[in-house]
Each structure stands twice: as C-alpha cells, then as structure tokens.
Amino acid sequence: MPLGPDRGIIRNFLIVALILGVTLGALIYYQHIYARLLKWCLDHKAAFLAIPGVIVLLGLTVWLGFDRTFGWVPRPIRTWGPVSTVAHAFPGLGKEFMPPLDEGSYLYMPSAMPHASIGETLDILQKQDMAFYAIPEVASAVGKLGRAESPLDPAPVPMIETVINYHPEYATDRDGRRLSFKYNAKTNDFVRSMDGTRLNAPDGEPYLVRGMFVRDAQGQLIPDSRGKPFRQWRPALDPKLNPDREAWAGIQKPDDIWDEIVHAGEIPGATSAPRLQPIATRVVMLQSGMRAPMGLKLHGPNLEVIEKAGFALEKVLRHVPMIEPTTVIADRIVGKPYLEVIPDRTALARYGIRVEDFQDVLEVAIGGQAVTRTVEGRERYPVRVRYARELRDSPEAIRRILVPAMDGAQVPLEQLAEIHYVRGPEMITSEDTFLTGFVIFDKKPQFAEVDVVQQADQYIKEQIASGALVLPAGVSYTFAGTYENQIRAAQRLATVIPLTLIIIFLILYFQFKDYALSFFVFTGIFIAWSGGFILIWFYAQDWFLNFHLFGINLRDLFQVHTINLSVAIWVGFLALFGVATDDGVIMCTYLRQRFTDATPTSVAGIRAATIDAGLRRVRPCMMTAATTILALIPVLTSSGRGADIMIPMAIPSFGGMTIQVMTTLVAPVLFCMREERRLQKAHRA
C-alpha cells in the first residue's frame with residue numbers, strides 16, 4: 001500500500017489507479033501525436049537534435065557540477081549574476097559508498113574516561129539503559145562494557161556498546177504481517193502503547209490524538225480485519241487538540257528515534273556517539289579498526305605524541321561545517337592509572353632476595369599462578385592460586401605484601417620497591433608497524449561522505465599552512481572508514497562501466513553490422529543516462545513533488561530526499577544501460593527493413609517512409625517503456641527493510657526510461673538524415 005495501511009484500502013486503490021492512469025495516459029497521448037512530432041522533427045532536424053544535446057549537457061552538469069563542466073568558460077562570465085545562480089544550482093552530486101541500510105536497531109557506542117573504574121563504567125551503562133528503556137519506541141537495550149572472553153574483541157573497559165532494538169512502525173505478528181484492530185475514528189483518545197499505557201510527548205505529559213482504538217475489559221486491543229493497523233511510534237502533537245502545548249512532529253522515521261536515543265544517553269562522564277548500526281559497525285571495525293563510519297588514523301613515534309596530535313585535530317574538526325561537532329572524539333590513549341612497582345635492587349641485595357624471587361611473589365600475590373588444571377569432560381579449566389581479594393584490592397594492601405628473605409624474615413613489599421601511580425595506555429593499537437590512534441567523527445545528514453572527507457582534509461591543511469594547527473614531529477594522518485570503500489568502488493566502477501558500454505555497442509554492431517546504425521541506437525544510452533541524473537537532481541530540490549494528494553505529501557510517498565552517488569546508483573545505471581537501447585533497436589530494425597524493401601528516390605519519400613516506419617513501431621516502443629516505468633513505481637514508493645538500497649537503484653532507471661522515450665524521435669531523425677545525405681551524394685554522382 002503506497003499510502004500506508006492506516007490510509008485505508010480505498011485511498012490506496014485510488015492513488016494506484018491515478019498513477020497508472022497518468023502514466024499510461026501520457027504514453028497513449030504521445031503515441032497519438034507521434035506522427036506530427038516526428039514530421040516536425042524531420043523538417044527541423046538541427047533544432048530538434050539540439051534538444052537531446054542540451055539534455056545530455058544538463059545531465060553532465062548535474063553529475064560533475066557546473067564548475068567542472070564549464071571550467072573552460074572565462075571567469076568573468078562564470079561570475080556574472082545569472083550564470084553564478086545556475087552554478088550554485090548545479091554544484092555536482094555528492095559521493096558515498098552505500099546508502100545507510102535500516103537494520104531495525106542501533107549500536108550506541110560512547111566512551112567513559114580512561115581512568116574510569118569498572119564500577120563507574122557499569123553505573124554509566126545502567127543509567128543509559130534505563131534512559132533508553134524509557135523511550136516508548138525502544139523494545140530492548142542491552143549494554144556491554146569492556147571486552148568479551150575473546151582475543152578478537154580487544155575493547156577496553158571504558159568502551160560501552162549498547163545494542164538498541166526499536167519497535168517496528170506498525171504492530172505485526174511473528175511472521176511480520178501487520179495486524180489490524182478495532183478502531184473508532186469519531187472519538188479522541190490519548191496516545192497509548194499496545195498494553196494501553198499513556199505515552200508522553202517530549203514535555204513529559206500525555207497528549208490527545210484523533211481516533212481511538214477500542215479495547216476490551218482487560219485493556220487489550222481487539223483484533224479486527226476491517227480495522228486499522230496499530231502504529232507503535234508516537235504521532236505528531238496537534239496544538240488544536242492539546243491547547244497551550246507546543247507542536248511536535250512526532251516519531252516519523254528511524255532517525256527521529258536515534259535523536260531520542262542521543263538525548264537520553266547524555267550522562268556526565270561519557271562521550272556522545274556517532275550514528276551506528278550493529279552490522280554496519282562490525283564491518284567498519286573489521287576493515288579499519290574504528291568504531292565510526294569516518295575518522296582519522298594517526299601514526300606517530302609514541303603514544304603521548306599521538307594523543308597530543310589527536311586532541312589538536314579534535315578541536316580543528318569540530319569547526320568543519322559538514323561534520324557534526326558532537327561526534328568528533330579523539331582517543332584518550334594515555335590516561336589509564338597504573339600502579340607501578342619498581343624493585344629497589346640495593347634493598348633486595350641487603351636482604352639477600354633475588355629479583356626473580358621478588359617477581360614470583362608479586363605475580364602469585366596479585367595476578368595468580370596456575371598450579372594445575374581440572375578436566376571436566378571436554379572442558380579444561382586452570383586452577384590459579386593468589387592472595388584473597390581483601391589482601392590485594394588497594395595500594396595499602398599491596399604495600400603490605402610480604403616477601404620472604406634468605407634468613408626466613410618476611411619483608412613488606414614497600415621496603416623492597418618504590419610503589420607509585422603512573423599514567424599509561426588503556427589499549428595499544430598498531431598498524432603497518434606504527435603506533436596508531438584514532439579521531440572519529442560523523443557527517444551531518446545532508447552531506448555525502450566523500451565531500452565531508454575532502455572538506456575536512458582541506459580545512460586541516462589550511463590550518464597547518466596558517467600555523468593555527470601544529471602537529472608534533474613524526475605524526476602523520478590518513479582518513480579511514482567507509483570512505484576507503486568508496487574509493488575502491490570508484491576505481492572498480494571506472495573499469496566496469498566503460499567496459500559495459502563497449503560490450504553493449506559491440507552487441508549492437510553484431511546485430512546491425514553497421515557502425516552508423518549502431519551509433520543511432522547507442523544514443524539512447526546517452527539520453528537515458530542524462531535522464532537518470534536529472535531525476536536525481538530533482539530529488540534534491542525542495543519544490544519537487546511538494547504537494548499533497550489524498551492527505552499525504554508526495555515527497556513522503558516517493559521517498560524524496562537528497563540522493564548521493566553510490567554503488568547502488570551506479571548499479572541502477574548499469575541496469576538502465578541494458579534496457580535503454582530497446583526502443584532504438586525496435587525502431588531502427590524496422591527502418592532498415594522498410595528502406596531495404598523499397599528505397600525512396602526523393603527527400604519527401606524518405607521522410608514519408610520514415611514516418612510510416614515510426615508509426616508502425618511507436619506502439620511496441622511505448623509498451624516497452626511502460627512495462628519498465630510502471631514496474632519501478634512500487635519500488636519508488638516502498639518503505640521498510642531494503643528500501644534504502646532499492647530506491648537509489650530504481651531512480652536512474654525510472655528517470656532514464658521516462659526521458660528515453662525521446663529515442664523514438666532521435667533514432668528516426670538520425671536515420672532519415674543519413675538516407676537524405678546518401679540520396680544527395682547519389683544525385684551529385
């Protein structure tokens with residue numbers, strides 16, 4: 001249902017019928033006026049061919065940006081008012097690896113201070129979990145601190161990982177099917193959860209909405225196949241129903257839930273966290289070692305220098321316009337308190353204690369020593385011996401650890417060593433033989449990953465050049481994260497896409513055995529390619545589809561938002577290239593047959609034969625375009641799992657096939673132009 005199940009079957013049926021009617025009606029009308037259009041195009045070939053030329057140039061401008069496309073234009077012209085306005089309207093498309101996929105859960109990964117104890121970190125974790133559970137949309141929140149019993153998870157104690165699952169937008173059964181319940185649209189009621197509990201707005205008070213779900217005597221919803229699906233996300237607060245209350249947009253998308261999570265997770269002693277999801281985060285951590293989609297890797301001679309450089313870069317990155325300041329976090333590397341025991345060799349010699357014996361006593365007392373192993377079936381457990389906890393749980397207790405001398409005397413540890421606190425690393429990371437530190441950050445929602453990295457890199461270089469940022473000697477930095485995936489994908493696509501186009505052209509040549517005719521058909525790819533980019537540009541404009549129909553904004557219906565270039569977009573273009581030549585093949589195949597059967601001997605005859613051939617093939621061309629366009633409309637209006645990837649893949653094909661209808665005019669015009677020139681050469685001969 002494109003409008004959603006809460007809009008009812010009738011409205012959904014009407015919107016589907018309207019979309020089908022408008023699309024098919026436009027194609028039928030085009031078929032009706034095709035003869036007149038083609039006649040005008042044949043009479044004004046240069047003027048008509050300028051139209052697809054402008055479309056291709058516009059698509060190139062949308063893709064690369066005005067400055068790169070028209071960089072050869074003199075600067076005074078490019079800075080002229082109207083031209084400058086056009087340049088700002090076409091800045092070029094942003095780049096990213098893949099659109100974020102909605103996993104149905106979030107991974108909240110803040111950090112406590114390096115010196116935080118297990119008790120303090122646990123307290124932060126418990127308070128955050130309680131705050132997350134208080135969000136009505138959150139189904140569960142499970143936190144973890146430190147590392148698991150695995151060498152593959154080298155997480156320090158202050159690193160907190162909380163997996164937060166949120167409720168689906170509508171109540172469903174175990175198979176994922178939406179449930180409908182008895183509903184009374186004439187009565188107002190407070191916003192309630194499934195069990196009937198009143199839910200509060202951000203101001204902490206319950207609020208009224210139109211309509212009420214009928215409940216039984218136990219307060220449970222009553223299933224009704226003709227009823228309405230129960231929405232588990234809080235709706236908007238209408239001040240008309242709630243006087244003296246501030247309007248609130250409600251929870252409309254998963255990003256709104258993340259905003260609630262970030263607000264609830266603000267606790268003194270813990271940092272904020274970038275927007276993460278469990279699967280995507282694990283992939284990024286395995287690839288780059290960072291717990292964020294973007295960041296800086298710092299390499300240096302020692303940990304103190306790396307930490308100092310990280311703090312300096314943290315301050316600089318907070319001022320980059322495209323970066324969310326609250327997500328910029330540099331690793332606190334050297335800040336963990338350690339109790340350092342330095343043996344006094346003179347004192348040890350005085351008592352006749354060997355250094356090895358001294359270290360053995362210290363190891364057994366504090367760390368423990370494995371003395372045997374128990375066997376329980378296939379399981380093996382070491383048995384360790386060490387001091388009781390109360391004899392080693394404080395610096396004072398450690399100072400009183402007794403070390404036996406050669407004469408049997410028991411000497412306190414404080415008389416044999418210097419014991420004091422030192423600051424050290426909580427975790428040491430290395431890469432390519434260099435000590436490594438990280439400065440993580442995240443982008444603002446309206447920007448693309450590559451643009452953010454490029455702006456951050458340029459800003460850092462400007463700060464270094466101006467002297468405002470001074471990196472310690474021996475420190476270097478590189479950007480890492482999903483940005484690296486995009487770079488690798490771009491390099492591979494730079495080979496795949498040209499190779500695909502070459503293969504398509506060769507297939508056309510093997511079909512027609514004519515270079516010119518193959519090119520006539522191949523022009524459909526350029527036109528469709530431009531149409532895909534133009535639709536992507538439309539999606540980034542605030543005015544595009546910004547009107548209501550059947551009570552819903554069409555921008556929400558078609559998921560209209562800024563689309564960045566990604567692997568999904570290029571996959572959509574590859575699919576488009578495969579079908580963009582269909583109309584040209586249909587048209588040019590019959591044109592060649594028509595002119596082979598009877599070759600016209602005049603310009604008027606050539607044009608009449610071209611129009612006749614076009615009329616015989618415009619209907620199957622429209623059927624080909626209609627099947628592709630109509631098949632993509634459900635994808636563009638889809639929502640839920642996978643829609644984040646499928647919509648960017650469908651946009652190039654939809655925009656390209658919509659404008660590719662022009663091929664039914666371009667191919668005949670180019671074919672007619674060639675036949676007229678052949679006729680002129682024959683007359684001259």
Side-chain angles (χ1 to χ4, degrees), residues 26-27 29-63 501 504-505 507-509 511-512 514-535 573 576-595 600 603 606-626 628-629 652-678:
L27 294 176
Y29 180 72
Y30 177 81
Q31 180 183 344
H32 177 70
I33 65 173
Y34 177 74
R36 285 174 288 172
L37 282 176
L38 183 57
K39 184 178 185 304
W40 182 90
C41 294
L42 295 177
D43 294 338
H44 306 84
K45 296 182 181 65
F48 166 72
L49 291 178
I51 297 175
V54 171
I55 290 175
V56 172
L57 184 62
L58 180 60
L60 187 65
T61 305
V62 170
W63 176 25
L501 295 176
I504 291 175
F505 185 83
I507 293 174
L508 294 175
Y509 176 74
Q511 166 68 23
F512 293 108
D514 186 330
Y515 286 108
L517 201 59
S518 300
F519 175 75
F520 296 162
V521 178
F522 197 75
T523 56
I525 290 181
F526 294 112
I527 296 173
W529 169 86
S530 303
F533 279 117
I534 291 172
L535 184 59
F573 273 112
L576 172 64
F577 295 158
V579 297
T581 57
D582 289 351
D583 289 351
V585 170
I586 294 172
M587 192 65 67
C588 288
T589 300
Y590 190 77
L591 279 168
R592 187 171 66 169
Q593 294 175 357
R594 175 69 174 78
F595 277 76
V603 172
I606 291 174
R607 296 182 180 179
T610 302
I611 294 174
D612 179 66
L615 285 173
R616 290 178 179 271
R617 285 295 175 264
V618 66
R619 184 181 182 88
C621 288
M622 293 301 100
M623 293 173 63
T624 302
T628 304
I629 293 172
S653 297
F654 185 85
M657 290 303 296
T658 301
I659 206 168
Q660 188 264 349
V661 173
M662 185 180 293
T663 305
T664 58
L665 297 173
V666 174
V669 168
L670 293 175
F671 189 93
C672 180
M673 183 183 297
R674 185 182 72 164
E675 295 301 321
E676 289 181 7
R677 288 184 178 179
R678 285 181 175 178

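Computation of the quantities below employed the complete heavy-atom set of this structure, encompassing side-chain atoms and omitting hydrogens, waters and symmetry-equivalent molecules.
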query: What pair of heavy atoms forms the shortest contact from Ala580 to Gly524, and how long is it?
result: CB-O, 4.0 Å
- request: Evaluate whether atom CZ of Phe519 has more than 12 neighbouring non-hydrogen atoms of other residues, nucleotides or ligands under 6.0 angstrom away.
  value: no
- prompt: Any side-chain heavy atom of Phe520 sitting closer than 4.5 Å to one from Leu591?
  reply: no
Taking every non-hydrogen atom, the tightest pair across Ala625 and Asp583: CB-OD2, 4.4 Å
Validation row: Val579, Gln660 side chains within 4.5 angstrom (heavy atoms): no
query: Can Thr610 and Glu675 be said to form a side-chain contact (heavy atoms from CB on, under 4.5 Å), step by step?
result: CA-CA 10 Å; Thr610 302; Glu675 295 301 321; over 6 Å; no
message: For a quick test of reading the model, state the closest non-hydrogen atom pair linking Met587 to Ala613 and the distance between them.
response: SD-O, 4.4 Å
- prompt: Which atoms form the tightest heavy-atom contact between Thr628 and Met657, and what is the distance?
  reply: CG2-CG, 3.5 Å
message: So, taking the atom named CD in Gln511 and the one named CG in Leu517, what distance separates them when rounded to the nearest 0.5 Å?
response: 9.5 Å
- prompt: Can you tell me how far the CG atom of Leu501 sits from the CD1 atom of Ile525, to the nearest 0.5 Å?
  reply: 5.5 Å
- prompt: Would you call Ile586 and Thr624 a side-chain contact if the rule is heavy atoms closer than 4.5 Å?
  reply: yes
query: Which class fits the ring pair Phe522 and Phe505: parallel under 30°, tilted 30 to 60°, perpendicular over 60°?
result: perpendicular
- request: Identify the two heavy atoms, one from Ile534 and one from Leu58, that lie closest to each other, and give their separation to 0.1 Å.
  value: CD1-CD2, 3.8 Å
Distance (rounded to the nearest 0.5 Å) between Leu615 CG and Leu38 CG: 7.5 Å
- prompt: Rounded to the nearest 0.5 Å, what separation is found between the OH atom of Tyr30 and the OG1 atom of Thr664?
  reply: 2.5 Å
message: For a side-chain contact (heavy atoms from CB on, under 4.5 Å) check, start with the C-alpha distance between Leu670 and Thr523, then their side-chain angles and the critical distance, and finish with the verdict.
response: CA-CA 10 Å; Leu670 293 175; Thr523 56; 4.1 Å; yes
- request: Taking the side chain as every heavy atom from C-beta outward, state whether Tyr34 and Leu665 have any pair of such atoms under 4.5 Å apart.
  value: yes
message: Let me confirm one number: the NZ-CG distance from Lys39 to Leu37, rounded to the nearest 0.5 Å.
response: 12.0 Å
- prompt: Sequence neighbours excluded, which residues qualify as salt bridge (charged side-chain N to carboxylate O under 4.0 Å, His left out) partners of Asp612?
  reply: Arg594, Arg616
- line: In short, Pro600 meets Ile606 closest at the heavy-atom pair CB-N, 3.5 Å
message: How long is the straight-line distance from CH2 of Trp529 back to CZ of Phe577, given to the nearest 0.5 Å?
response: 8.0 Å
query: Does the ring centre of Phe595 sit less than 6.0 Å away from the ring centre of Phe671?
result: yes
